[in-house]
Number of protein chains: 2
Amino acid sequence: MVTKTSMADVARAAGVSKSTVSRALAGDSRVKEATRLRIEQAAQELGYIPNRIARALARGRTEMIAVVTPTPPRSFSDPFYLEFLGGLGDRVMEAGYSLVITSPGAGGSPANSLAELAAGRVVDGAVLTEVQVDDPRLALLRQAPLPFVVLGTPEDASGGVVPGVWFVDGDNEGGARQVVEHLLSLGHRRIACITGPLHLVSARRRLAGYLQALQAAGVAPSPEWVVEGDFTREGGLRAGQRLLEARLLDLREPGSLTAIFASNDLMAIGVLEALRGAGLRVPEDVSVAGFDGIYLADLLEPSLTTGAQPIRALGRMVAELLLGRLGAAGGDRAAVPEQIGAVGRRVVVPVQLRVKGSTGPPRGR
Amino acid sequence: MVTKTSMADVARAAGVSKSTVSRALAGDSRVKEATRLRIEQAAQELGYIPNRIARALARGRTEMIAVVTPTPPRSFSDPFYLEFLGGLGDRVMEAGYSLVITSPGAGGSPANSLAELAAGRVVDGAVLTEVQVDDPRLALLRQAPLPFVVLGTPEDASGGVVPGVWFVDGDNEGGARQVVEHLLSLGHRRIACITGPLHLVSARRRLAGYLQALQAAGVAPSPEWVVEGDFTREGGLRAGQRLLEARLLDLREPGSLTAIFASNDLMAIGVLEALRGAGLRVPEDVSVAGFDGIYLADLLEPSLTTGAQPIRALGRMVAELLLGRLGAAGGDRAAVPEQIGAVGRRVVVPVQLRVKGSTGPPRGR
DNA sequence: TTGAAAGCGTTACCAA
DNA sequence: TTGGTAACGCTTTCAA
């Protein structure tokens, strides 16, 4: 235990008052040059480092930003979130903020911990991920004095965008549509969709995109083609197995599926495993496509065809928006492409179809 | 902006003093039942949530733990660290702590930000990753009043373990030896090693394991078999290409390598790419083995033979040790296998050879 | 240009 | 069992 030096010590050593030390170290221009130098030297010699907690209490700002990570079964080890977090973290740390990772699951109810965050003055702002339809956290945060930005489009049950909320999102619907259109263009007609948890906005939108593409192509999907998953690899594996058990992937059957659209890459990976386990080849027997464009998708064999979101860029944009709201130095509003200038700032970025090795023409074509 | 309620408001509403409110809410047994109830109700009604910053200042504890992530080119998107972080995060959040992610790169020099962390009283403890030989951060932290635990063995230049430091590590040397012995047992003799950055302890130890295994088998490695990488996929790719350019992977040459040991899985993935690019098949033409056992390793085709560390468990153990040092509720010392009871608590966990599809007998055997 | 002193919202010690 | 009152270490008026 080393005796820690406080501002008072520096003041004493430099022969000035605490106030002056505070001003000098904050770069206040009203401090005489000579005094500042003397203070800086004293601080240096004493190894003084300001107590950020005390500063935070006095200033009312902590220079920390909270990231509320997905709830189980996705955790923050979800590759998508980690890549996102990378982009977010890089940008906010550049601006001098730290990231506080809080899991909504641990230590109380989600709403509870969020409320504590908001009122506990621990962070200056928050990033919400994994938005649900009619997300109760939004009301909570909006009435709290905590600026926040959402990753994902905040929708209510009727499909309307919740006003007044700042958010960044990929074009889930359009992206999913593109991916399914790609499968259709290869000649597939019987295409399954493994969805995310349908209380999540992103999951619904991707499902909508899938349905739109089929409808536009005049394909009427059988209800059993759509399986609800949970955005995890295990969930994808289970969903794949369910399709197998339902004999929907039996090549000898006439009504067999020829392609599977998984609503995220992680589930697609699970599906690949399920198929491999059943001795089916990809893409020769079945085509598989995913969504997200996590970097893992490229490392698989076969590499995964997917609707790629600019994941790290999403993180950076969320950071930019939030920094802008915080009035932070370096929070450059102009850097954020503004889509709609209405109530709340909304950024929706396009999703890019990335055709790789996991999709090909259906068998027998 | 909602008017926030402070403890004083609750006190007024309940007709007691701040002290009593503080005690009541902290569950102090000396508060009369009736009073506690009255206070709790008042707090409830007013929507009172304690200011954690003020509490932290008063108590001297913030209930936050810092994780110092690897420096570039590895970032915290490195899969190994992410899995580790998952284990760590789960455990510390269970115990009521939040995780603060600080990048040593951003906002100043590594040492600087670390010193600020230590003295800034922002966190109660810290986790260090990516230890270097003679790591300067250790001295810094040890003289600071901040409990910390290291992921990796803190070594000085002479190979001795720095005393007084708590750490958790996988058995790098033994693990690497096992992996290389596996290659030798398959009949390989000309085995390359792609190392990590050699200022890192883990990289050195894995190299040592490789050399030991070869020596024990009576194989004298040619200097050009050893290529220094950087633990990234790109680094692995480059290293693989270097071996190719050096004509060490030309099957027509008599001295061609038959196997490659990459010091971590991520580099092994890069090597696989390099080989694929050169039209070499794995394991028919060349065997490839990695280290770490990241979950990605299993998803590759071929799946990767590797020296598997219990990555998430490493995270949990680090958490356990740190919580123990913090005297945290739920910090269960007994849960941590204690290897050496000397100065500092040291946990070294075995590495398990996981034989998968990327290794096989050398060509022509 | 500097200093004194009043916060910031808790906790914790000491009396009562 | 409760209340008064210092801390905690900094920032920020307000005066000088």
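Letters go in sequence order (proteins before strands), and every chain restarts at 1.
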Starting at atom [atom1] of [X], determine the distance to atom [atom2] of [N], rounded to an integer number of angstrom.
| X | N | atom1 | atom2 | answer |
| --- | --- | --- | --- | --- |
| R61(A) | dT12(D) | CZ | P | 8 Å |
| L25(B) | dT11(C) | CG | P | 8 Å |
| E63(A) | dT11(D) | CD | P | 11 Å |
| R12(A) | dG3(C) | CZ | P | 14 Å |
| R30(B) | dA12(C) | CZ | P | 10 Å |
| R59(B) | dA6(D) | CZ | P | 23 Å |
| N51(B) | dG7(C) | CG | C1' | 14 Å |
| R121(B) | dC10(D) | CZ | P | 11 Å |

key: Upstream residue (5' side of DNA chain D) when L57(B) and V31(B) are each assigned their closest nucleotide   = V31(B)

Residue closer to the 5' end of DNA chain D, V21(B) versus M7(A) (nearest nucleotide) = V21(B)

Does the side chain of [X] get closer than 4.0 angstrom to OP1 or OP2 of [N] through an N or O atom?
| X | N | value |
| --- | --- | --- |
| T20(A) | dG3(C) | yes |
| S22(A) | dT11(D) | yes |
| S19(B) | dT11(C) | no |
| R55(A) | dT11(D) | yes |

query = R23(B) or A8(B): which one's nearest nucleotide on DNA chain C is closer to the 5' end?
reply = A8(B)

message = Is a donor from one side chain sitting under 3.5 angstrom from an acceptor on the other, for S17(B) and T20(B)?
response = yes

Euclidean distance, I39(A) CD1 relative to K32(A) NZ, rounded to 0.5 Å = 11.0 Å

key: Rounded distance [0.5 Å steps], CG in L25(A) versus CE in M7(A)   = 6.0 Å

ask   = Of all the nucleotides listed (dT10(C), dC10(D), dT1(C)), which has the minimum atom distance to the side chain of K32(A)?
value = dT1(C)

note = Quick note, A58(B) side chain, CB onward, closest among dG9(D), dT2(C), dC8(D) is dC8(D)

Polar pair under 3.5 Å, donor/acceptor by atom type, side chain [X], base [N]:
| X | N | result |
| --- | --- | --- |
| S17(A) | dA4(C) | no |
| K18(B) | dT10(C) | yes |
| R52(B) | dG9(C) | no |

message = Between R36(B) and A24(B) (side chain of the first, backbone of the second, donor and acceptor by atom type, cut-off under 3.5 Å), is there such a pair?
response = no

task = Identify the heavy atoms of R121(B) and T62(B) that sit nearest to each other, and give their distance.
result = O-CG2, 3.3 Å

